[in-house]
There are 2 protein chains.
Amino acid sequence: MTKRTEVAKLAGVSEATVSRVLSGTGPIKEATRLKVLEAADALGYVPSDIARQFAKKRSGNLGVVLPFMPNVPLFSTFYFSQLLGGIGLAAGERGLNLLLIFRQPGDASPYAGLFRSRKADACIVLGSSGIPGEREALMELETAGYPYAVAGQRFEGLEHRTADGDHAAGSRQTVAHLHGLGCRSIAFVGGPAQYSNSGDRYAGYVEGLEQADLPLSPHIVLEGKYSRKSGLALASRVEELLRSGQADSVYAGNDRMAIGIMQGLLEKGIQAGRDYALAGYDGSDGASMTSPQLTSVAVPFDEVGRQAALRAIGEAEGGIAPSHELMLATRLAARDSTLLYRPGRP
Amino acid sequence: MTKRTEVAKLAGVSEATVSRVLSGTGPIKEATRLKVLEAADALGYVPSDIARQFAKKRSGNLGVVLPFMPNVPLFSTFYFSQLLGGIGLAAGERGLNLLLIFRQPGDASPYAGLFRSRKADACIVLGSSGIPGEREALMELETAGYPYAVAGQRFEGLEHRTADGDHAAGSRQTVAHLHGLGCRSIAFVGGPAQYSNSGDRYAGYVEGLEQADLPLSPHIVLEGKYSRKSGLALASRVEELLRSGQADSVYAGNDRMAIGIMQGLLEKGIQAGRDYALAGYDGSDGASMTSPQLTSVAVPFDEVGRQAALRAIGEAEGGIAPSHELMLATRLAARDSTLLYRPGRP
DNA sequence: TGAAAAAATGTACACGCGTACATGAGTATA
DNA sequence: TATACTCATGTACGCGTGTACATTTTTTCA
């Protein structure tokens, strides 16, 4: 590996000048600049990023902490992949690389350790949940003053670190949409309670019912696991609700569960859009793959990720910590799974 | 930030001893070890990874070069997300972090630059294609002796660097399956020619026809772009082939295109599994979301990614370069989009 | 034209770790 | 008990940059 010394010698200048030319700092006479560049090129010299990082005490990495879930194709979930895409975009814009860290469930050490070991200059936490210890681990970052952001999960007292979609609003939009179609009893299939966005969606559902002047019936509120499988598993209970007339429509907390429900009911001869209205959530690509296509709430998860990253990076580069929660607008994408439904049919 | 000096002083030992204890090298008396650990703990000392990397001249990162495609939700494509998941798994197993590098189309510089700047110890190239310059850029890695692996694309002379599914076999399986159902004219919808796996799938299609003793008709071979949209766009041409009796079944080069075709034809009242047999490729989760569910070839992309990563990492850690191409077995997942089809119906 | 100011370059060292080598403390062998 | 040997620890330095400060060169301005 050629190093700075050789370039300096060949160009007939000092090492400091080489450094200045190649890092673009300090005033340099154009002639010297060219000499140095030529010498560097001739020798195939590229500064060692490792040494640079060491000298500047900055890694140039944006850490992204992801939950490690065996048997779960994490990246293929629309939610994570979109977030990650947006984060990658922001990192690219600011000249940072993305450092992916997989976190074992329950092991919160990566958070502060990431900074203490100087592996990353800023960090984004994805897929965190309300399990014990999680909040404490983040609070450690907070008190230590490390620049970070949480995407997709709210923590009490740390709201200003959060970026997410406005899920309550998304839920209200969905309920209003179903109500507008004539639905009068909307079953809700929520996600695990440990995720704050599950609660947000439920809260929006309740608010939406209120605004539509519909009663809230706890027995038509179910809970799944955000997976297609869990939707499938709930299909028979949903079937009961529909057959008994307790519900004429279903609003599922994400598209995967909605698709599972759609499939499970189809096996029993009950078609979404014909026999009941079905809405999902996330606006994933899967929603356009079903027949009928699935009504869903489009959440700009990529932008959520991007904004979260920009905040953390900005803080790392000397800015100040954000003071308020970031909540991005959602948009209802109405499709045939609800649009085709005509209430009042048997 | 507390550093080694302070720990050494508090523990009453030399800095070298602290280093040895915390990096687990060299023989250490148990008593000293505990003293040092206690002191480090008391001071909250964590060695700087940056300095470690600098001293050892190893970054501890596995670089993953991805194509940057604006407007394409890269991570949510089954193909990439599975590959990435497998790579992440391998990296975790070997104690490396994943460094994601987005490559601008046509800019091959990240490849060798990644090593010259010492950002990564080994690297995996994803989503590369046969465009000019690509092969040369990889050859540069080859001649420089950098440890790398290519997942999902073959290059002449660099086959030993490749890991991929056995797509030709997957295609043969599909054709045999359709033939077994009674299909006699199988249309093929391939992907862009710049990807070697497009060619592999086509080759397998041709071989499968031969083995089934079916003729190869160039006019029932189409080309899409691996996107659902491109499948939709081809639907009318496929319709013609089906209506005219030139084809009784369709084999698409990936699931997304197959789903697009399925949807496009459904709008025209032509149902997969009823009016024609339809098979996709990849074994993506989307294939189970359609109705009827889509027959597809399951490719262990996660294992492809994992194996590619293990090879590159192994080489970086002193092993030797692999000598042969790695090709993983595929498995046909037959579902209703073909199983329900009964040839001979109008 | 000469001094002062500005621009360009050189000198010297810190950054925080790993580790080769030197050294000291035990321990088995004769 | 002297010797050789092993184990445990200390000393000293390199890794390749960035950059504060010193120094030299060029420009400015009266």
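Order of the sequence lines fixes the chain letters, A, B, ..., with proteins taken first and strands second; residue numbering starts at 1 for each chain.
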Any donor-acceptor N or O pair under 3.5 Å, side chains B:Glu136, B:Tyr111 | no

Grab the CD-P distance between A:Glu30 and D:dT26 for me, whole Å please.
-> 17 Å

Residue closer to the 5' end of DNA chain D, B:Arg118 versus B:Gly26 (nearest nucleotide) | B:Gly26

Listed nucleotide nearest any side-chain atom of A:Lys57, set C:dG16, C:dC17, D:dG18 = C:dG16

Side-chain donor or acceptor of A:Ser59 paired with backbone N/O of A:Lys119 under 3.5 Å = yes

For A:Glu6 and D:dC15, give me the distance from atom CD to atom C1', rounded to whole Å.
-> 15 Å

Integer-rounded Å distance: C:dG16 C1' and B:Lys56 NZ = 15 Å

What side chain to side chain donor-acceptor pair (under 3.5 Å) pairs are there with at least one residue in residues 23-32 of chain A, not counting sequence neighbours?
-> A:Ser23-A:Thr25, A:Glu30-A:Arg33

What do you reckon, is CD of A:Glu38 surrounded by more than 12 foreign heavy atoms closer than 6.0 Å?
-> no

When the distance from CG of A:Leu34 to P of C:dT9 is rounded to whole Å, what number comes out?
-> 11 Å

Look at the aromatic rings of A:Tyr146 and A:Phe115 and report parallel, tilted or perpendicular, splitting at 30° and 60°.
-> parallel

With sequence neighbours left out, what residues match A:Glu315 under side chain to side chain donor-acceptor pair (under 3.5 Å)?
-> A:Arg161

Heavy atoms under 4.0 Å, any strand shown: does A:Ser48 hit a base, just sugar-phosphate, or nothing?
-> sugar-phosphate

Check every strand shown and say whether B:Thr32 touches a base, only sugar-phosphate, or nothing at a heavy-atom separation below 4.0 Å.
-> sugar-phosphate

For the side chain of A:Ser19, starting at C-beta, report the closest nucleotide among D:dC15, D:dT19, C:dG16.
-> D:dT19

Look at all strands and tell whether B:Ile28 reaches a base, only sugar-phosphate, or nothing, counting heavy atoms closer than 4.0 Å.
-> sugar-phosphate

Could you tell me whether a side-chain N or O of A:Asn197 sits under 3.5 Å from a main-chain N or O of A:Gly152, the two making a donor and an acceptor?
-> yes

Could you check B:Val46 against B:Lys29 and say which one's nearest nucleotide on DNA chain C is further toward the 5' end?
-> B:Val46

Rounded to the Å, how far apart are A:Arg52 CZ and D:dT19 C1'?
-> 13 Å

Out of C:dC17, D:dG18, C:dG16, whichever nucleotide has its closest atom nearest the side chain of A:Phe54 = C:dG16

Atom CZ of A:Arg58 and atom P of C:dC15 are separated, to the nearest Å, by 18 Å

Rounded interatomic separation in angstrom, taking CZ from B:Arg33 and C1' from D:dC7 = 16 Å

Whole-Å gap separating C1' (C:dC15) and CD1 (A:Ile50) | 15 Å

Check nucleotides 10-13 of chain C against the protein and report each pair of N or O atoms closer than 3.5 Å, with its distance, or say if there are none.
from   : atom 1 : to      : atom 2 : distance (Å)
C:dG10 : OP1    : A:Ser14 : N      : 3.4
C:dG10 : OP2    : A:Ser14 : N      : 2.7
C:dG10 : OP2    : A:Ser14 : OG     : 2.8
C:dG10 : OP2    : A:Thr17 : OG1    : 2.5
C:dG10 : N7     : A:Arg20 : NH2    : 2.7
C:dG10 : O6     : A:Arg20 : NH1    : 3.3

